[in-house]
Asker: 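Encoded as structure tokens, here's the structure I'll be asking about.
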2 protein chains.
Amino acid sequence: MEAVNRGDREQTGTPTNGDVRRDDRGQAGTPVGGNAQRGDREHPGSPISGSAQRGGSDIPGGRRKQRVSMADVAKLAGVSSQTVSRVSNGHPGVIDSTREQVLAAMRELGYRPNSAARALRYGQFNTIGVILFSLASTGNSRTVEAIATHAAAEGYAITLIPIDVPTQDNVLGAFTRMGELAVDAVIAIIEIYLLDTVSVTLPPGVHVVVVDSDAGDRYSVVDTNQADGARQAVRHLLDLGHRTVWHVTGPRTSYAAQSRARAWRATLEEAGRPVPPALPGDWSAESGYAAGLALAGEPGCTAVFAANDQMALGLLRALHERGRTVPGEVSVVGFDDIPDSAYFVPPLTTVHQDFAEVGRRCVRQVLAQIRDGKSSPPGTDLVPTSLMVRRSTAPPPASAPAP
Amino acid sequence: MEAVNRGDREQTGTPTNGDVRRDDRGQAGTPVGGNAQRGDREHPGSPISGSAQRGGSDIPGGRRKQRVSMADVAKLAGVSSQTVSRVSNGHPGVIDSTREQVLAAMRELGYRPNSAARALRYGQFNTIGVILFSLASTGNSRTVEAIATHAAAEGYAITLIPIDVPTQDNVLGAFTRMGELAVDAVIAIIEIYLLDTVSVTLPPGVHVVVVDSDAGDRYSVVDTNQADGARQAVRHLLDLGHRTVWHVTGPRTSYAAQSRARAWRATLEEAGRPVPPALPGDWSAESGYAAGLALAGEPGCTAVFAANDQMALGLLRALHERGRTVPGEVSVVGFDDIPDSAYFVPPLTTVHQDFAEVGRRCVRQVLAQIRDGKSSPPGTDLVPTSLMVRRSTAPPPASAPAP
DNA sequence: CCGAGTAATGTTTACGTAAACATGATCCCG
DNA sequence: CGGGATCATGTTTACGTAAACATTACTCGG
């Protein structure tokens with residue numbers, strides 16, 4: 001009943017720690033002995049469901065301790081808590097027999113270091129905060145996953161704060177919360193405009209890395225090389241013989257979208273080609289569909305570069321519905337290389353983004369900052385892209401005017 | 001009551017945490033007065049990039065204080081640190097003038113409560129751990145997002161541990177790590193078989209909720225009502241007049257996949273229809289494509305239920321390539337209702353999963369456990385699904401035998 | 001066989017917060 | 001106008017850990 005305990009000690013009547021410390025067993029006696037023969041304890045090595053399920057109410061003495069501390073281990077092992085600390089942290093200078101005894105006591109009591117106390121002591125939390133707008137986009141979730149994986153490999157956990165509605169206030173709030181949370185650094189995966197006027201205030205010593213932004217003058221930025229990816233897409237189409245390339249953009253507020261659009265335009269201009277009006281999209285398949293409907297009515301249009309794969313999907317459906325074949329009459333290129341894109345009809349030629357690498361570099365940068373104790377200089381670290389050529393692109397139909 | 005706020009007290013225009021401490025103004029003088037006229041401080045309201053950028057190493061005095069503690073605020077405000085604590089937590093019994101003074105001092109120093117100390121004191125971390133296999137699937141990432149959002153609304157942060165390779169060892173390791181991390185509860189989004197023989201040992205008082213599993217006899221489980229969703233899909237096809245329904249399964253190791261397959265079979269049997277052999281898939285569009293190729297060779301096949309939308313996508317492509325029209329000759333139903341599915345060719349009829357609701361209920365359960373201080377009884381909380389009828393389903397071709 | 005040196009372990013203390021208890025001032029009512 | 005009640009605030013202490021310092025016990029060279 002009572003039982004299960006959390007830290008909310010009291011309430012269950014427990015004298016919590018009331019029963020006093022009382023360090024009998026002065027070490028006057030024999031600190032040695034080494035005989036860790038306490039195998040006959042009643043709790044089996046591994047109950048089916050783990051302690052989490054049974055809460056702890058079944059501890060015989062009735063006087064269950066909520067949390068096992070070093071002092072408890074020390075008492076059982078007949079040593080000082082400092083020795084337990086040394087064993088716990090693998091410090092040298094503990095004789096083998098003592099170490100064994102301590103380890104046995106730890107096992108028996110199920111000791112776990114208390115990370116809060118540790119963090120308090122060290123002023124470090126071994127945690128990286130991640131602020132992001134949405135996990136719904138493939139890119140973000142893959143990036144986060146990579147961040148989490150690499151952080152874990154380095155002994156860091158990640159704490160996530162999603163921002164439901166992307167306003168500057170909410171961004172500010174998220175940073176503020178991060179400042180109060182136990183994090184050593186923050187990785188922000190947010191659109192640039194949200195950082196524009198926000199003056200980020202974090203506790204000193206908390207470092208920041210930003211993804212998806214051109215704030216390279218103020219922060220350490222890691223990002224996919226958007227411009228180069230877009231350039232590759234456009235060049236690919238031009239090289240196939242298309243006279244020009246139309247473009248369905250992402251939302252105006254997105255840095256990545258702007259960047260891709262800018263590169264699209266620049267690449268066309270460099271090649272001396274006409275620049276058709278950009279069709280506005282918002283990343284959604286729906287907006288791509290709308291753009292596709294419009295484009296289907298443009299007889300001169302033989303090639304389209306969609307700023308992401310989902311819009312390309314909508315585009316493909318619209319073109320299909322309007323009877324314009326892909327790639328026979330119109331070629332389509334996307335951006336992202338989401339796993340599904342290879343199974344679109346037809347399989348989509350698209351720009352591959354290495355999200356895992358973006359995540360990896362974020363973690364690397366952040367850890368470098370933490371370890372050096374100082375921010376790395378602002379700057380931008382660009383991850384290269386590669387073009388995945390599949391079946392949605394081909395030379396323009398013969399009837400189309402060659403350049 | 002008052003001051004719901006958790007930590008996010010006033011962060012107004014904080015001068016970050018000004019450089020330098022400098023505790024003049026001993027409180028020997030007049031602790032009263034309320035004249036908070038310290039407007040003339042030198043640090044500007046908001047530096048462009050925030051303290052995070054300067055890392056702290058450039059602080060003149062050389063020996064900068066990393067963290068501003070209550071004691072610092074107390075000294076500046078000329079009160080005891082306990083009073084600062086009271087103000088910080090919105091406790092009553094602080095006279096207005098004093099409160100103002102403390103708040104001013106907080107602002108001036110850029111005080112932030114230290115969550116580690118707080119956690120140590122309370123034995124609570126206000127953090128929920130999430131263990132999951134992969135963020136790559138739409139379902140998982142959307143669930144996590146919902147969890148994070150709702151947790152944040154309740155003042156909880158979430159800590160993520162992804163498992164790269166799904167072995168029981170890794171799962172055990174993740175739980176162990178969680179046990180050492182500062183979390184009050186754990187939500188595990190993993191396939192059932194991974195929990196099978198793992199005896200989860202978490203510190204007492206850390207609660208567990210499981211998603212995507214039928215461990216309802218041992219844990220609190222929250223899940224989409226897989227069986228009912230599958231039943232709806234199959235019934236829909238039968239109601240359209242199809243004699244039977246083929247099925248492309250998810251991986252054998254997946255509980256959700258098993259559950260959908262079981263319901264598919266049961267629904268057919270209930271209706272007295274023949275049960276065709278199930279085609280094995282692994283959630284990927286690629287496996288759906290392979291299944292589609294096989295199915296295209298089955299003349300009797302007029303209806304297929306794919307265990308997820310991505311496999312349905314592959315299926316659609318394969319059928320399209322083989323010249324079998326959808327829904328003219330073959331009807332296809334998916335599962336998940338990923339955003340793109342409305343833009344497949346043709347738009348996919350599919351079973352909608354309410355991932356957000358799953359996340360919400362997870363958080364609700366976990367918080368209830370934390371607050372009650374005891375694990376809720378094992379059991380399963382099923383979130384309903386709904387069928388989204390789009391254009392990939394229709395009555396069977398006239399030539400097909402009616403039931 | 002003694003004393004310096006070192007290895008093993010114990011004791012004290014600080015980290016930042018907040019509950020519990022203590023103190024001093026003010027107020028109100030008989 | 002005295003004494004208890006109330007209020008605002010201060011002081012002590014514990015939370016769990018680990019660095020810094022202290023204390024033993026043992027080793028080894030002269």
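Hydrogens, waters and symmetry mates are skipped; everything else that's a heavy atom, side chains included, is used.
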Asker: Counting any heavy atom closer than 4.0 Å, what does B:S85 reach on the DNA or RNA strands: base, sugar-phosphate only, or nothing?
Answerer: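 Since a base atom lies under 4.0 Å of B:S85, the category is base.
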
Asker: Could you state the CD-C1' distance from B:Q124 to C:dT17, rounded to the nearest angstrom?
Answerer: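 Spelled out: CD on B:Q124 to C1' on C:dT17 is 15 Å.
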
Asker: Taking the side chain of A:L120 as its heavy atoms from C-beta onward, which of D:dG16, D:dG10, C:dT17 lies nearest to it?
Answerer: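 In terms of side-chain proximity for A:L120, the closest of D:dG16, D:dG10, C:dT17 is D:dG16.
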
Asker: For A:V94, which contact category applies under a 4.0 Å heavy-atom criterion: base, sugar-phosphate, or nothing?
Answerer: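 Sugar-phosphate contact only - A:V94 comes under 4.0 Å of backbone atoms but never of a base.
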
Asker: Apply the side-chain contact (heavy atoms from CB on, under 4.5 Å) test between A:R86 and each candidate in A:V79, A:V94, A:V102; give the one that qualifies.
Answerer: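 Per the side-chain contact (heavy atoms from CB on, under 4.5 Å) rule, the option paired with A:R86 is A:V94, out of A:V79, A:V94, A:V102.
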
Asker: Considering only side-chain heavy atoms of A:H91, which listed nucleotide, C:dT11, D:dA19, C:dA19, is closest?
Answerer: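 The listed nucleotide nearest to A:H91's side chain is D:dA19.
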
Asker: Classify A:I95 by what it touches in the nucleic acid, base, sugar-phosphate, or nothing, heavy-atom distance under 4.0 Å.
Answerer: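 If one applies the 4.0 Å heavy-atom cut-off, A:I95 turns out to touch the sugar-phosphate alone, with no base involved.
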
Asker: Can you tell if the side chain of A:M106 reaches within under 4.5 Å of the side chain of A:V84, non-hydrogen atoms only?
Answerer: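 Heavy-atom side-chain distance check passes, below 4.5 Å.
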
Asker: Any side-chain heavy atom of B:Y156 within less than 4.5 Å of one from B:V366?
Answerer: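 When only atoms from C-beta onward are counted, B:V366 and B:Y156 do not touch, as no gap falls below 4.5 Å.
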
Asker: Any donor-acceptor pair, under 3.5 Å, between the side chain of A:R86 and the base of C:dG10, if you only look at N and O atoms?
Answerer: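 Side chain to base: pair found, below 3.5 Å.
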
Asker: Less than 4.0 angstrom between a side-chain N/O of A:Y122 and OP1 or OP2 of D:dA19, yes or no?
Answerer: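 Indeed, a polar side-chain atom of A:Y122 lies that close.
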
Asker: Looking at D:dG16, C:dG10, D:dC15, which one has an atom nearest to any side-chain atom of A:R121?
Answerer: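 When the side chain of A:R121 is considered, D:dG16 is the closest of D:dG16, C:dG10, D:dC15.
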
Asker: What is the nucleic acid contact for B:T98, judged by heavy atoms within less than 4.0 Å: base, sugar-phosphate only, or nothing?
Answerer: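 Sugar-phosphate only.
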
Asker: Base, sugar-phosphate, or nothing for B:T83, non-hydrogen atoms under 4.0 angstrom?
Answerer: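 The residue B:T83 makes sugar-phosphate contact but no base contact.
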
Asker: Are the side chains of B:M70 and B:N114 in contact, using a 4.5 Å heavy-atom criterion?
Answerer: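 SC-SC contact between B:N114 and B:M70 ruled out.
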
Asker: Out of D:dG10, D:dA18, C:dT17, which nucleotide sits closest to the side chain of B:Q82?
Answerer: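 From the listed options, D:dG10 comes nearest.
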
Asker: Out of C:dT17, D:dA18, D:dT17, which nucleotide sits closest to the side chain of A:N89?
Answerer: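 Of C:dT17, D:dA18, D:dT17, D:dA18 is nearest to the side chain of A:N89.
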
